[in-house]
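Okay, structure first, notes after.
Along the sequence shown, the residues carry numbers beginning at 1.
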Amino acid sequence: MTTGASAVRGAFVQLSAGPFHYRHWPSTRTAQPPALLLHGGAASTEVWHRIAPALARTRPVYAMDLRGHGLSPKPPFGTYQLWRAADDVTEFINTLSLHQPVIVGHSWGAAVALVQAAAFRTRRPAPVATALVLAEPPPTFATPQVTASADAAAELAGRPLDELSALCSIIFPGRDRNDLRALCHGLHHTTPTVVRSYTTDAAEHTDLVPLLSAVRPPLLLMRSDPNVRSVIDTTSWHRIPEHLPETSMRMHVPGADHDVHRTHPDAFLDSIEEFLTSAPMTSIRERKFHKKETND
């Protein structure tokens, strides 16, 4: 079956902080706005190996290695505030002339996308976006759970790929081989200093939830299953609707781990598709997604 997407291409673009690495999945379906994917902490563009080709069936797709990650520049400790990373994303969009993109962020990348859209402490005006998808954005980084997760990632960051491959196969038994490869790639291409800095610097925002009120594009906020692992605590989840814009949707994916795009890719993709095709969106909605998952 023809998908309309062609092979992924890797490239670099010169931004103020240095040459940033990105990947591009071209598509023959160019009428739709492009998608820009922002990975979480200690990850890289590799985590989108399932999601990006599927999205490229309907639109061009880009994924960038955020500062300190993948093959992008690694500035010194203390320069990983969410607003700095958000300004990188804005400069990336403007430099590549991505017209009104659909911005999809996970975890730390979702927090970066939120700060960008809300123009909170950013130095660059937020670009016009068609829609915003925030998967598992931490309400705050100043929690023991986030700190413990960062400490675990920092212990592995920067290690040789063969060592990481052996360790991750033990830590994550049964995880798909390509997912393990992507996980190891992200850890290998960052450093303990970067992991601790982006966590510490992001914690200066003690409460990110109110920023949702300043978001202008249609917004999808996705939560994984708190009984499995979610960074969005129940109190924050019930508080979020007070701040959501009218054109928004909350999505709860039962059974999904924090890395919902990796553990439940079908639900992740289908929820985005439902969201993007349901315009005009005029009221806050909530969904639980029960689609049966496959490993295909």
Side-chain angles (χ1 to χ4, degrees), residues 29-38 51 54-55 57-62 82-83 86 89-90 92-94 98-122 124-139 205 207-224 230-232 234-254 256 260-261 264 267-291:
R29 309 288 183 85
T30 57
Q32 295 296 324
L36 174 58
L37 312 180
L38 307 178
I51 304 304
L55 289 175
R57 296 170 185 167
T58 57
R59 66 190 68 241
V61 178
Y62 295 80
L82 293 172
W83 66 264
V89 174
T90 295
F92 179 87
I93 290 171
N94 292 337
L98 304 186
H99 183 63
Q100 298 185 6
V102 174
I103 301 176
V104 180
H106 171 253
S107 195
W108 184 62
V112 170
L114 173 58
V115 166
Q116 181 207 41
F120 186 65
R121 299 185 183 174
T122 54
R124 300 176 183 273
V128 176
T130 293
L132 189 64
V133 177
L134 305 180
E136 280 283 295
H205 305 285
D207 187 5
L208 294 171
V209 172
L211 298 187
L212 293 167
S213 301
V215 172
R216 295 294 172 260
L219 168 66
L220 167 62
L221 194 146
M222 195 181 307
R223 185 195 193 195
S224 62
S230 173
V231 298
I232 304 177
T234 300
T235 299
S236 295
W237 184 246
H238 291 313
R239 189 163 56 95
I240 281 170
E242 303 172 16
H243 302 279
L244 282 177
E246 283 295 311
T247 54
S248 62
M249 177 190 293
R250 291 196 310 167
M251 182 76 71
H252 168 215
V253 186
V260 56
H261 57 311
H264 284 56
F268 185 84
L269 286 163
D270 287 348
S271 62
I272 293 175
E273 181 65 21
E274 177 188 349
F275 172 65
L276 293 178
T277 59
S278 61
M281 293 170 282
T282 57
S283 63
I284 295 175
R285 292 160 292 155
E286 183 170 359
R287 298 282 189 273
K288 288 187 178 181
F289 207 94
H290 294 280
K291 182 178 178 67

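- Using a 4.5 Å cut-off on side-chain heavy atoms (C-beta onward), Leu208 and His243 make no contact.
- The aromatic rings of His261 and Phe268 sit tilted, their planes meeting at an angle between 30° and 60°.
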- request: Could you go through the side chain to side chain contact (heavy atoms under 4.5 Å, CB included) check for Trp108 and Leu82 one step at a time?
  value: CA-CA 8 Å; Trp108 184 62; Leu82 293 172; 3.4 Å; yes
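- In terms of heavy atoms, Ala111 sits closest to Pro137 at N-CB, 4.4 Å.
- In this structure, Thr130 contributes its side chain and Gln100 its backbone to a donor-acceptor pair below 3.5 Å.
- Remark: Thr247 OG1 to Phe275 CZ distance equals 7.0 Å, nearest 0.5 Å.
- Between Leu219 and Pro217, every side-chain heavy-atom pair lies at or beyond the 4.5 Å cut-off.
- For the residue pair Ser224 and Glu136, a side-chain donor N or O sits within less than 3.5 Å of a side-chain acceptor on the partner.
- Atom CE in Met222 sits 12.0 Å away from atom NE2 in His264 (nearest 0.5 Å).
- Arg250 contributes a side-chain N or O that, together with a main-chain N or O of Trp237, makes up a donor-acceptor pair within less than 3.5 Å.
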message: Run the side chain to side chain contact (heavy atoms under 4.5 Å, CB included) test on Arg239 and Asp207 for me, step by step, so that the C-alpha distance in whole Å, both residues' side-chain angles and the decisive distance to 0.1 Å come before the verdict.
response: CA-CA 12 Å; Arg239 189 163 56 95; Asp207 187 5; 3.0 Å; yes
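- Taking both residues in full, the closest heavy atoms of Pro245 and Ser248 are given as O-OG, 2.6 Å, listed atom of the first, atom of the second, then distance.
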- request: Go through Leu221 and Ile232 one step at a time and tell me if the side chain to side chain contact (heavy atoms under 4.5 Å, CB included) criterion holds.
  value: CA-CA 11 Å; Leu221 194 146; Ile232 304 177; 4.0 Å; yes
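- Contact of the Leu114 side chain with the Phe120 side chain is not registered, since no non-hydrogen atoms from C-beta on lie closer than 4.5 Å.
- Taking NE2 of His205 as the start and CZ of Arg121 as the end, the distance is 5.5 Å to the nearest 0.5 Å.
- Atom OG of Ser107 and atom CG of Leu134 lie 11.5 Å apart (nearest 0.5 Å).
- Taking all atoms of both residues into account, the shortest heavy-atom contact from Ala214 to Ala118 is CB-CB, 3.9 Å.
- Note that CZ of Arg223 and CD1 of Ile240 are 8.0 Å apart. Values are rounded to the nearest 0.5 Å.
- Within the 4.5 Å cutoff, the side chain of Ile103 has heavy atoms near those of the Ile93 side chain.
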Thr90 and Gln116: CA distance, side-chain angles, deciding distance, side chain to side chain contact (heavy atoms under 4.5 Å, CB included) verdict: CA-CA 8 Å; Thr90 295; Gln116 181 207 41; 2.9 Å; yes
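- Here the CE-CG distance, from Met249 to Leu244, works out to 11.5 Å after rounding to the nearest 0.5 Å.
- For the salt bridge (Lys or Arg N to Asp or Glu O under 4.0 Å) condition, no pair includes a residue of residues 98-109, sequence neighbours left out.
- For the pair Met251/Leu220, a side-chain contact is recorded, criterion being any heavy-atom separation below 4.5 Å from C-beta on.
- The two residues Arg59 and Pro33 make their nearest non-hydrogen contact at NH1-O, 2.8 Å.
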